[in-house]
Participant: 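Below is a structure I'd like to ask you about.
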Amino acid sequence: MCAAAARPRVLIYILRHDVRLSDNPIFLAASALWSRKRSSIDAADVRPREDSLVSKEDAPAFTHLLPVYIFPAHQVEVSGFVPASSGRCPYPEARSRVAGVWRTGPHRAKFVAQGVWDLKKRLGNLDCDSGMEVRVGMVGDVVEHMLDWYEKDEGDGGHRADVAGIWMTGEEGTEEKVDEAEVERLAEERGVEFKVWDDEKYYIDDRDLPFDNISDLPNVYTTYRKSLEPLRLRPREPLSPIKQLPPLPPDIPPQKEPFEIPDTLDGLTKALLSPLEADPTFGLPSPPCWPTNVSSAHPFSGGESAAQDRLAQLISGGAMSSYKETRNGMLGLDFSTKLSAYLAQGHLTARQVHAAMVDFEEGRGPGKEIAGYGKGENDGTAGVRFELLWRDYMRLCARKFGSRMFGIQGIQQPPTSSRKGAEDPTPHDDHRPPRKRWKMLDRSGGAKDFPEMTREVFTRFRSGRTGIGLIDAANRELFLTGYTSNRARQNVASFLSSRLGIDWRVGAEWYEFLLTDYDMPNNWGNWQYVAGVGNDPRQGRVFNPVKQALDYDAQGEYIKAWVPELRGISLARSVGPNNDEVDQQKLMGLYQAWRLDEAEKERLGLKGVEWVEQPLVRIPFSVGRGRGRTEGKGGGRGRGRGSKGRGFKRMGNEEKAGWRQSDGAANGVV
Ligand SMILES: Cc1cc2nc3c(=O)[nH]c(=O)nc-3n(C[C@H](O)[C@H](O)[C@H](O)COP(=O)(O)OP(=O)(O)OC[C@H]3O[C@@H](n4cnc5c(N)ncnc54)[C@H](O)[C@@H]3O)c2cc1C
C-alpha cells in the first residue's frame, strides 16, 4: 500500500473519437501541466495555445496519466471478449433499433482496433512510461469499476491511488451525451474533478464559430459556408507535438469480469470479429461475393500513423490538387481523399489536413513536382476545404437537432418541447412538404403495405440484387469493402428512400453497420438530406441512377467491377473500319439488366435470374447519340459539384415491377 503522501494521483483520460497523439488538446494539456509541475518551466513556454489548455486553477494535480480506450457495449458487440469458460456477456447484443442489424460491422471494427493499437504503440514509444489501456463495457460501468478499484481499502485504511480527475472529449450523439452524464455523475459522487473537452478535430474550432447559440446555426449549408468565407483563413494551426507525458500509474485497474482484454492487436481484432463471424452472411441468403480482379477503393489501415502517411501521399502524389476533377469518381484509390475514416475516429484532424494543404500551397515540404506547388489555393485544395466544412456542418446540425436526427421525419419533425415558435429550428417550417408515408420493416403503414414484402425488398437491396446496376454495384462494394463513394452513397440513399419508399433509417443503420468511415452526424445527416427529411433546401428531389450511371460510369467500368455477372456485356459496336462506338442499347442493359435482349441474357446465363427478370424498379430512360433523355425536367445543380451537378431528377412513371412504390415516390416528388 502507498503511504498517503506518496500515493499516486491518477488523471484518467477516456478516449473516444480522438484516438491520436498529435493535435490532441487533452494529451497536450496533460503533458504541459505535468512538465510545468516537474520543471517549474514558465507556463508560456509549454502552452503554445493557451486557450486550448486548462488554467492552472482548474487543473487537478496529478502524478500519473491513464489513457483508456473503451469499446462501448451498446455500439460495438463485446461478447467476443468473454472467454468460453466465463459464462455470458452481461450486455444485450449491440444491434440497431429499427433494422436490428449489428451496430459495428467487421470493416470498422478492424479499423478501430488498428487505430487503438497504433496509439498504444505511439504512447509506448515516447519513452516516458506512458501507454494506454483498452476496456470494454458501458462507459459508465468501466469508469465506476476503475473508481471502485482505486478506492479499495488495502487493509490499512489506504487507497490504491487517488483519482485526481477524469477527462474526456465531448460528442454530439445522444448516446454519447448519456455516457458523459453518467461519468459526470460518478465523478461528482466520488468528489473527482471532471472535465469534458471540446475535441479540436474539426475544420473550425467551436470557439471560432460565428454564433454563440447553436439555435443560430443556419438551416442551409450554403448560408453557413458564406458566413465563413474565405474558408482558407479560418482554421487554427495544429497543436505542437508532444514529447513527454506523465507515466502510467503503477497499479492499473483490471478489466471488469467476465471480459478479458487480449494483449495483441490480432487478439483484439479476433475478439471484435468473432461474434460477427457466427453468421458471415449477416442474414442474407445470397450475400455478395468478392469478384475476381477488383480491388477495394479503401484498403487503408486504421491509426494515426497510417492517416499521416495517407495525407502525405495525397499531397506528394497530386491527388489533393486534382480533387475537384476526380471527386465524382467511383473506382480506384485516389479519386477522393479517403480520409473520412481517419477523421471519423479522430486519427487525424481537419486542421492537420488544412495545414498540409497550406504547406503545399505556400511551397513548403513535399509535392515540389506537382503542378500548383507554391501557387496558393487551387481548385482541388479549395474543394477539400469545402467538404471538410460540410462535415463540420453536419456535426453542428447534430448538436442543434439532437434526437431529431434519428426520427423518421428527421429534422423536419417539429420539436416536442417549449422550443417551438420563434426558436423552432426546423427548416422551411412554413412550407414543409406533406409527411411522407414510409414502408416499415416491422409494421404495415396501412392498406397495400406489406412489411413481409418490405423485408424481402430490403434483403435484395442489401445483397446488391435490385436489378439497377449502379445501386447493386455500390451495395456489393459496401458490403465487401466498407467503402463506397459519395456519388454512390447519394444514389443508394435516394433509391431506398424514394424509389423503394422504405424507412430511410434502415438504410442509415445498414450504412452504420458497414461503413468503415461511419460517423454519426455525417451518416444520419446525409441520409435524411437525401431522403427529403433533412436540410436540403430543395426538398423531395430524387436521383435517377440510370442517368447517374451514364454521367459517372459511362463505360460501365464500375458496374462491371462489382457486378461480375454483367462483365460479359460487350459495349463496343463497330460503325466502320477501325471505328467503334458504345452500343447504347447494351449500355442500357448494363445499367438495368432487364433491358438486355433475350439472346444476350441467354448468352450471359442471366435468364430466369430474379434481379434481371424481376427488378425492384424499372426506370424508363432512353439514350440517343451522346446524351440520355431523362424523365421530366432537369434537376438542381447542387453543392458546387462540378458541371454535372448532383443528378437529382424528377421522377417519372416507373413501371412498378415486383415492387410497389411508396405513395411519396409514386407522387413523383420533385
Ligand atoms: C447517404 C450518405 C451517408 C454518408 N455517411 C457518411 C459517414 O458515415 N461518414 C462520413 O465521413 N461521411 C459520410 N458521408 C459523406 C461522404 O460520402 C463521405 O465523407 C465521403 O464519401 C468519404 O470519402 P472521402 O474521404 O474520400 O471523401 P472526400 O470526397 O475526399 O472528402 C474529404 C472529406 O470531406 C468530408 N466530406 C465529404 N463529403 C461529405 C459530405 N457529403 N458530408 C459531410 N462530410 C463530407 C469527409 O470527412 C471526407 O473525408 C455520407 C454521404 C451520404 C450521401
Side-chain angles (χ1 to χ4, degrees), residues 17 104-105 107-108 111 173 201-203 221 224-225 231 297-298 300 307 310-311 314 319-320 322-330 332-350 352-354 357 380-398 405 410 471 474-475 477-478 481-498 504-532 534-536 543 638-642 646-648:
H17 295 102
T104 302
H107 306 297
R108 188 163 72 262
F111 192 88
K201 64 172 176 262
Y202 295 96
Y203 188 72
Y221 170 71
Y224 177 63
R225 174 175 53 80
L231 300 185
H298 195 294
F300 307 104
R310 174 67 185 158
L311 179 57
L314 286 165
M320 208 67 113
S322 57
Y323 175 78
K324 174 123 191 286
E325 295 95 69
T326 59
R327 71 169 302 275
N328 277 306
M330 293 189 282
L333 299 185
D334 287 342
F335 62 82
S336 65
T337 64
K338 314 291 161 50
L339 291 178
S340 48
Y342 297 121
L343 290 162
Q345 295 302 325
H347 299 165
L348 183 73
T349 67
Q352 287 178 321
V353 180
H354 166 77
M357 295 195 297
T381 53
V384 172
R385 291 191 172 99
F386 178 100
E387 296 302 335
L388 290 175
L389 194 73
W390 254 110
R391 175 168 176 273
D392 277 21
Y393 179 69
M394 288 297 185
R395 193 256 315 207
L396 293 170
C397 285
M405 294 292 284
I471 303 301
N475 276 341
E477 180 192 24
L478 174 68
T481 71
Y483 184 85
T484 187
S485 69
N486 185 62
R487 177 64 41 196
R489 293 181 203 199
Q490 289 172 317
N491 274 281
V492 165
S494 180
F495 186 81
L496 180 89
S497 58
S498 295
W504 62 274
R505 296 171 306 169
V506 304
E509 289 183 350
W510 184 243
Y511 265 38
E512 174 173 348
F513 161 54
L514 282 177
L515 280 175
T516 302
D517 68 18
Y518 170 73
D519 174 85
M520 186 282 283
N522 271 355
N523 188 57
W524 288 82
N526 270 295
W527 265 92
Q528 60 188 264
Y529 184 102
V530 177
N535 47 5
D536 179 4
F543 278 83
R639 319 229 218 137
R641 300 265 152 162
R646 294 186 84 195
F648 284 110

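Computed from a prediction, not measured in an experiment: that's the story for all the values here. Numbering of ligands and ligand atoms starts at 1, following listing order. Counting begins at 1 with the first residue of the sequence.
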Participant: Should you measure from each heavy atom of Asp519, which atoms of ligand 1 turn up under 4.0 Å away?
Facilitator: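 Answer for ligand 1: 7 (C), 8 (O), 9 (N).
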
Participant: So, regarding Trp390 and ligand 1 (criterion: nitrogen or oxygen to nitrogen or oxygen, under 3.5 Å), is there a contact or not?
Facilitator: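 No.
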
Participant: To which of Val530, Asn526, Asp392, Thr516 does the heavy atom nearest atom 2 (C) of ligand 1 belong?
Facilitator: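 Nearest heavy atom to atom 2 (C) of ligand 1 lies in Asn526.
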
Participant: Taking the side chain as everything from C-beta on, heavy atoms only, tell me whether Glu512 gets closer than 4.5 Å to Met520.
Facilitator: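 Not in contact.
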
Participant: Side chain to side chain contact (heavy atoms under 4.5 Å, CB included), that's the test. Do Val530 and Asp536 meet it? Break it down for me.
Facilitator: CA-CA 7 Å; Val530 177; Asp536 179 4; over 6 Å; no

Participant: Below 4.0 angstrom from a heavy atom of Leu515, which ligand 1 atoms are there? Numbered from 1 as shown, please.
Facilitator: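 Reading through ligand 1 atom by atom, the close ones are 5 (N), 7 (C), 8 (O).
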
Participant: Taking N or O atoms only and a 3.5 Å limit, does Arg327 qualify as a polar contact for ligand 1?
Facilitator: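 No: no nitrogen or oxygen of Arg327 is under 3.5 Å from one in ligand 1.
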
Participant: What do you reckon, does Tyr323 put a non-hydrogen atom under 4.0 Å from ligand 1?
Facilitator: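 A heavy atom of Tyr323 does come that close to ligand 1.
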
Participant: One residue to check: Tyr529. Relative to ligand 1, which of side chain, backbone, both or neither has a non-hydrogen atom less than 4.0 Å away?
Facilitator: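 None of Tyr529 does.
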
Participant: With only distance considered, is Ala493 within less than 3.5 Å of ligand 1 through an N or O on each side?
Facilitator: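 No - when backbone and side-chain N and O of Ala493 are compared with those of ligand 1, no distance drops under 3.5 Å.
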
Participant: Between Asn522 and ligand 1, does any nitrogen or oxygen pair lie at a separation below 3.5 Å?
Facilitator: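 The answer is yes, given that Asn522 and ligand 1 share an N or O pair closer than 3.5 Å.
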
Participant: In terms of side-chain geometry, is the basic nitrogen of Asp392 or Lys201 positioned less than 4.0 Å from the acidic oxygen of its partner?
Facilitator: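 A salt bridge is absent here (no side-chain N lies under 4.0 Å from a carboxylate O).
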
Participant: Using only heavy-atom distances, determine whether the side chains of Tyr224 and Trp390 contain a donor-acceptor pair under 3.5 Å.
Facilitator: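 Absent: no donor and acceptor within the cut-off.
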
Participant: Using a 4.0 Å cut-off to any heavy atom of Arg391, which atoms of ligand 1 qualify?
Facilitator: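 With Arg391 as reference, the close atoms of ligand 1 come out as 43 (C), 44 (N), 47 (O).
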
Participant: Is ligand 1 under 4.0 Å from a heavy atom in the side chain of Tyr483, in the backbone, in both, or in neither?
Facilitator: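 Answer for Tyr483: side chain.
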
Participant: Taking 4.0 angstrom as the limit, do Asp517 and Arg391 come out as a salt bridge?
Facilitator: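 Salt bridge: no.
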
Participant: Is there a side-chain contact between Leu333 and Phe300 (heavy atoms, below 4.5 Å)?
Facilitator: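 Leu333 reaches Phe300 side chain to side chain.
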
Participant: Verify the ring-centre separation between Phe386 and Tyr203: is it less than 6.0 angstrom?
Facilitator: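 When the ring centroids of Tyr203 and Phe386 are compared, they turn out to be at least 6.0 Å apart.
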
Participant: Using a plain distance cutoff, I'd like to know if Tyr511 has any nitrogen or oxygen under 3.5 Å from a nitrogen or oxygen of ligand 1.
Facilitator: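 It does not: no N or O of Tyr511 is found under 3.5 Å from an N or O of ligand 1.
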
Participant: To the nearest 0.5 Å, how far apart are OG in Ser336 and CE in Met320?
Facilitator: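 Here the interatomic distance stands at 11.0 Å.
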
Participant: Hey, is ligand 1 close enough to Ser336 that some N/O pair sits below 3.5 Å?
Facilitator: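 Between Ser336 and ligand 1 (N or O atoms, distance only) the closest approach is under 3.5 Å.
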
Participant: Could you list the atoms of ligand 1 found under 4.0 angstrom from a heavy atom of Lys338?
Facilitator: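 This gives 24 (P), 25 (O), 26 (O) as the contact atoms.
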
Participant: For Ser340 and ligand 1, does the shortest N/O to N/O distance drop below 3.5 Å?
Facilitator: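 By distance alone, the answer is yes.
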
Participant: Say you draw a straight line from CG of Leu514 to OG1 of Thr484; how long is it, rounded to the nearest 0.5 Å?
Facilitator: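 OG1 of Thr484 is found 10.5 Å from CG of Leu514.
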
Participant: Which atoms form the tightest heavy-atom contact between Ala297 and Glu477, and what is the distance?
Facilitator: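 Closest approach of Ala297 to Glu477: CB-OE2, 4.0 Å.
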
Participant: What part of Leu343, side chain from CB on, backbone N/CA/C/O, both or neither, has a heavy atom under 4.0 Å from ligand 1?
Facilitator: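 Contact part for Leu343 vs ligand 1: side chain (C-beta onward).
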
